[in-house]
Structure formats: C-alpha cells, structure tokens
2 protein chains.
Amino acid sequence: MSIHKMMNFETKSAIKNALIIQIEEVGFERVTVKNLASTANINRGTFYLHYKDKFEVMEDLQQELLNELESYVKHVQPLEAFHILKTGQLYQPFVEVITCIKEHATAFRVILGEQGSPAFSKRMKEVFSNQILDRLSVIGEELQDSGFQQYLKAFLASAILGVIQEWLDRGNEDVSVEELATIHSRLVLFICNLTSTQY
Amino acid sequence: MSIHKMMNFETKSAIKNALIIQIEEVGFERVTVKNLASTANINRGTFYLHYKDKFEVMEDLQQELLNELESYVKHVQPLEAFHILKTGQLYQPFVEVITCIKEHATAFRVILGEQGSPAFSKRMKEVFSNQILDRLSVIGEELQDSGFQQYLKAFLASAILGVIQEWLDRGNEDVSVEELATIHSRLVLFICNLTSTQY
DNA sequence: ATTAGTATCAACACTGTGTTCAGTAAAGGA
DNA sequence: TCCTTTACTGAACACAGTGTTGATACTAAT
C-alpha cells in the first residue's frame with residue numbers, strides 16, 4: 001500500500017515518533033511493541049530489527065533530546081549571564097536553550113509528564129547542574145559548606161526545570177520564549193544576588 | 001506454611017508493601033501482579049479480590065502517602081513561618097513535615113525515584129503549592145502579575161521537592177531532619193525576603 | 001450450627017513477547 | 001543485465017502474564 005523500503009534511520013525515527021504519540025495516548029506504561037509497530041506503520045518483526053524493547057526506544061529518544069539540550073546549555077556562561085541579567089537585558093544563550101526545548105515541545109512535555117518516564121527529569125536536572133550550576137557555585141565557594149552547596153544545586157536545578165515544566169504543561173503558547181527567559185532571569189537573579197552577597 | 005487468614009486491611013497493606021519492594025528491585029514498569037502476589041505471600045487470585053491491577057495499588061499507596069503528608073503540611077502557616085525563620089529559629093511544623101517524610105522514606109524515595117511513578121512528584125508539588133504557596137503569595141499580590149506568580153509557585157514547589165529528593169537519594173542519613181529543615185529555611189528565606197521587598 | 005468474610009487452588013481463554021525462517025522488493029555495483 | 005546487499009514482510013512458534021471463574025476450606029461472630 002505505502003512506499004516501503006525506508007532507510008534504517010527513517011524507520012528508527014518513525015518508531016521514536018510512534019512512541020511519543022503512544023505515550024500521549026495511553027501512557028508509557030501501557031505502550032506495547034505491537035502498538036508501536038502499527039503506529040509506525042511497520043511490521044512487528046521489523047521493530048525487533050532496530051530495538052530490543054520499548055525501553056530501548058525510550059532510552060534512544062531521551063538521549064537524543066538530552067544531547068541536543070546539552071549542546072545549547074553548554075554555551076551558557078554563568079558569570080557572563082549574571083552580569084548581563086543585572087543590566088536587565090536578555091542573555092541570548094539562555095533564550096536559545098528555551099528555543100531548543102520549544103522545538104521539541106511535545107516530546108519534552110510528554111516524557112516529563114505524568115505518563116512519561118520518571119528518570120528523565122533527573123537527567124535534565126543533571127544537565128543543568130553539571131553545565132551551569134557547577135561553574136556558578138564558584139562564586140560563593142569560600143562562604144558556604146559543600147553540604148549546603150549540594151542542596152543549593154538540587155534546589156536550583158529543580159526550580160529551573162519546574163518552571164519549564166509549568167510552561168510546557170500550559171501549552172507553551174501563553175508565554176513566548178523571550179518572556180519565559182525573562183521570568184527565569186528574574187527568578188535566578190534573586191538567588192544569584194544572594195549567593196554572592198549573603199552568608 | 002504461614003499463619004494465613006489475615007484481615008482485609010492486612011492483605012492490602014502486604015500488597016502495597018510488596019509493591020515498594022518490587023519497584024525497588026525491578027522498577028514499576030516491570031512489576032507484575034504475579035510478582036506482587038508472591039512477594040506479598042498471597043495467591044494471585046487473592047490479589048484480584050483487593051485490586052484491579054498494579055496501577056490501582058500504586059494509586060492507593062500514593063493517596064495514602066499524600067494524605068499523611070498533607071495533614072502535616074496543612075499546619076504550616078507561611079506568615080508565621082516567615083517571622084520565626086527570620087529570627088534564625090526552627091519552625092516546628094516544617095520539621096514535622098520532614099519527619100513525616102523520613103518515616104516513610106523508602107516509599108517516598110522509591111516512588112519519586114527513577115523507577116517510580118512520574119505522576120507522584122507532580123502531586124507532591126501540588127500539595128506544597130496549595131497548602132503553602134497559595135497562602136504565601138498574598139504578600140506580593142499587589143506587586144506582581146498573576147502570570148509571574150504562577151511561575152513563582154512552580155519554581156518554589158519544584159525547588160522544595162528537589163531538595164527533599166536530593167536528601168532521600170543520599171539516604172537521608174548524612175543530614176538530620178533538623179539540619180534539612182535548616183537548609184530549607186535558609187533557601188526559602190532567600191525568596192521570601194525578596195518577594196516581599198523587591199519588585 | 002449457620003453464615004459471612006477471607007483466602008486457596010486449578011483451569012480457562014486471551015493478549016502481548018521475542019524469536020525464527022522463508023520470502024520480497026528496491027538500490028546499486030560489477 | 002545479473003547479482004548481492006539492505007530493509008522489510010508475514011506467518012509461525014513457545015512462552016509470560018492477565019483477568020476471570022468455580023469449587024473448596026478455614027475462621028470468627030451471631
């Protein structure tokens with residue numbers, strides 16, 4: 001019926017796309033290989049030529065999203081960001097991170113959502129923590145004990161992700177990428193101010 | 001072999017306990033009714049006398065934990081807390097919330113964890129948001145637009161939960177209940193100060 | 001002694017899994 | 001053009017777990 005013989009790459013993409021659709025419909029828990037195959041318009045046997053099970057598809061999809069996210073988060077220079085934010089301007093690398101998330105909004109929303117994967121939010125927090133907060137914490141290093149710093153990092157990484165999740169859940173339309181960046185800036189600025197002056 | 005004929009209540013408890021054990025071992029995804037029954041030392045048929053499927057057990061367990069959590073969170077009076085924290089003292093209702101979580105540490109850690117349920121963290125955040133933040137936001141009401149407030153709530157609820165998760169993941173032994181309450185206080189005080197004075 | 005409540009055990013059809021194997025259709029190099 | 005490779009199909013298989021049913025048994029309260 002359809003134009004068969006896709007390339008290896010296209011089929012894998014179709015399966016990952018089918019996973020997003022199926023999670024949204026029935027939740028990851030209830031997704032079956034059978035459903036995945038029929039949603040992707042491939043034979044069930046073909047599925048097993050590419051993936052071991054639905055968990056491997058999820059892992060592949062998450063890794064794809066995290067890699068792209070990380071490539072943008074990397075460009076955030078905490079100290080530079082801090083100075084630009086203080087002047088009330090938008091810090092561009094931050095806007096690009098949010099743009100990246102908006103481009104894959106459905107995937108992020110679904111996987112982070114109630115029907116998604118409990119591991120993904122932890123992995124996203126790790127990206128923020130490793131790429132931003134580890135470099136930012138230098139500011140208050142002499143002033144704070146390392147125990148407190150661990151919790152400060154957990155606090156901030158969760159907070160940043162929480163705001164993104166709220167935005168995704170609200171359909172990411174009421175607030176533009178620039179507005180969300182502004183909201184983040186206002187919130188983060190609160191903390192940056194304090195970690196460098198108080199305690 | 002064992003002393004059979006438990007009460008309805010005891011069997012349900014045994015099943016819920018088996019769920020926690022099984023999630024930790026294989027992850028909620030891979031938990032089966034068969035495993036649950038054998039872990040709880042009951043017949044598989046008996047399981048169906050109490051629950052429809054593993055999802056219903058999870059729902060029951062989550063509701064149980066959330067109800068208890070909420071009963072403690074209710075006693076937190078944000079304004080009162082704010083004044084006590086400013087003096088450097090511990091706010092007792094807050095300590096009791098953390099004690100409640102410590103008492104069910106395994107359950108909270110496992111369900112919030114990577115192998116747990118993606119919906120639970122959202123529900124916990126809602127408890128914090130509804131019971132604490134909704135009453136706290138009155139402070140800055142005239143000063144902030146409601147859009148920003150929504151995101152501030154998401155920011156804080158996620159941050160609070162993030163710190164608790166970090167604590168649970170670290171085995172909740174390195175830091176005592178009182179120390180965690182202090183850490184929370186220091187972090188929350190940052191924000192409270194700002195929401196009531198700045199902007 | 002009867003009854004209600006709780007649990008056991010075995011059997012059932014059913015759905016989804018993971019694998020295998022024979023077959024097909026297109027792309028492209030010799 | 002022939003031939004090999006690559007990518008997929010379709011049918012079959014044994015196997016795991018599901019959800020239900022019907023017969024049975026123990027225990028406690030009335």
Side-chain angles (χ1 to χ4, degrees), chain A residues 1-62 64 110-111 115-119, chain B residues 1-62 64 110-111 115-119:
Chain A
M1 54 179 281
S2 60
I3 322 99
H4 291 128
K5 311 302 131 196
M6 339 180 175
M7 291 180 300
N8 197 307
F9 166 80
E10 283 173 14
T11 304
K12 281 197 148 193
S13 261
I15 293 172
K16 280 182 270 188
N17 200 51
L19 179 60
I20 297 171
I21 294 167
Q22 282 295 306
I23 292 175
E24 196 157 24
E25 247 173 59
V26 299
F28 183 65
E29 282 290 344
R30 316 237 188 206
V31 169
T32 64
V33 172
K34 206 185 171 193
N35 284 336
L36 241 32
S38 78
T39 305
N41 287 311
I42 56 162
N43 191 277
R44 193 169 66 86
T46 308
F47 175 92
Y48 290 105
L49 295 176
H50 297 280
Y51 293 108
K52 198 177 137 256
D53 49 31
K54 66 169 178 170
F55 301 102
E56 206 174 271
V57 186
M58 180 59 115
E59 174 57 31
D60 192 14
L61 181 56
Q62 289 190 16
E64 196 177 279
V110 163
I111 301 177
Q115 309 252 275
S117 153
Chain B
M1 55 181 279
S2 60
I3 321 98
H4 290 129
K5 311 304 131 198
M6 344 181 173
M7 291 181 299
N8 195 308
F9 166 80
E10 284 173 11
T11 304
K12 282 196 148 196
S13 260
I15 293 172
K16 280 182 271 188
N17 200 51
L19 179 60
I20 297 171
I21 293 167
Q22 282 295 305
I23 293 174
E24 197 158 22
E25 247 174 60
V26 297
F28 182 64
E29 283 289 343
R30 317 237 187 205
V31 169
T32 64
V33 173
K34 206 185 171 195
N35 283 337
L36 241 33
S38 79
T39 305
N41 287 311
I42 56 162
N43 192 277
R44 193 169 66 88
T46 307
F47 176 93
Y48 291 106
L49 296 176
H50 297 279
Y51 293 108
K52 198 175 136 256
D53 50 30
K54 65 169 177 170
F55 300 101
E56 207 174 90
V57 186
M58 180 59 116
E59 174 57 31
D60 192 13
L61 181 56
Q62 289 190 16
E64 195 177 279
V110 162
I111 301 177
Q115 310 252 272
S117 153

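Lettering follows sequence order; numbering is per chain, from 1.
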To the nearest Å, give me how far apart [atom1] ([X]) and [atom2] ([N]) are.
X	N	atom1	atom2	value
Leu36(A)	dG18(C)	CG	P	12 Å
Asp53(A)	dA16(D)	CG	C1'	15 Å
Lys54(B)	dT18(D)	NZ	C1'	12 Å
Arg30(B)	dG16(C)	CZ	C1'	15 Å
Ile42(A)	dG10(D)	CD1	P	12 Å
Leu49(B)	dG19(D)	CG	P	14 Å
Tyr48(B)	dT21(D)	OH	P	13 Å
Phe47(A)	dG10(D)	CZ	P	18 Å

Interatomic spacing from CE in Met58(B) to CG in Asp60(B) - rounded to 0.5 Å: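 Spacing of CE (Met58(B)) from CG (Asp60(B)) equals 11.5 Å.
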
Atom pair NZ/NZ of Lys54(B) and Lys34(B) - distance to nearest 0.5 Å: 15.0 Å

Using Watson-Crick geometry (N1-N3 plus N6-O4 or O6-N4) or G-U wobble (N1-O2, O6-N3), each under 3.5 Å, dT15(C) is paired with none

Tell which nucleotide pairs with dA16(D), taking only Watson-Crick or G-U wobble pairs whose two distances are both under 3.5 angstrom.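 None - no nucleotide pairs with dA16(D), as no candidate has both distances under 3.5 Å.
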
Given dT17(C), dT9(D), dC9(C), identify the nucleotide with an atom nearest to the side chain of Lys34(A). dT17(C)

Can you tell me if His50(B) touches the phosphate of dA7(C), counting only side-chain N or O atoms and a distance under 4.0 Å to OP1 or OP2? yes

So, is Asn43(A) near the phosphate of dG10(D), with a side-chain N or O under 4.0 Å from OP1 or OP2? yes

Determine the contact category for Thr32(B): base if any of its heavy atoms lies under 4.0 Å from a base atom, sugar-phosphate if only primed atoms, P, OP1 or OP2 are that close, otherwise nothing.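 Counting heavy atoms under 4.0 Å across all strands, the contact made by Thr32(B) is with sugar-phosphate only.
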
Donor-acceptor contacts under 3.5 Å from residues 18-26 of chain A side chains, at least two apart:
unit_1	atom_1	unit_2	atom_2	d
Gln22(A)	NE2	Thr39(A)	OG1	3.0
Glu24(A)	OE2	Arg109(A)	NH1	3.1
Glu24(A)	OE2	Arg109(A)	NH2	3.1

Pairing of Lys12(A) and Glu64(A) as salt bridge, 4.0 angstrom limit: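 Salt bridge: no.
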
Does a side-chain heavy-atom distance below 4.5 Å link Glu59(B) with Tyr51(B)? no

Just label dA16(D) as syn or anti from its O4'-C1'-N9-C4 or O4'-C1'-N1-C2 angle, using within 90° of 0 for syn.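 For dA16(D), whose glycosidic angle is within 90° of 0, the conformation is syn.
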
Looking at Arg44(B) and dG19(D), is any side-chain donor or acceptor paired with a base atom of the opposite kind under 3.5 Å? yes

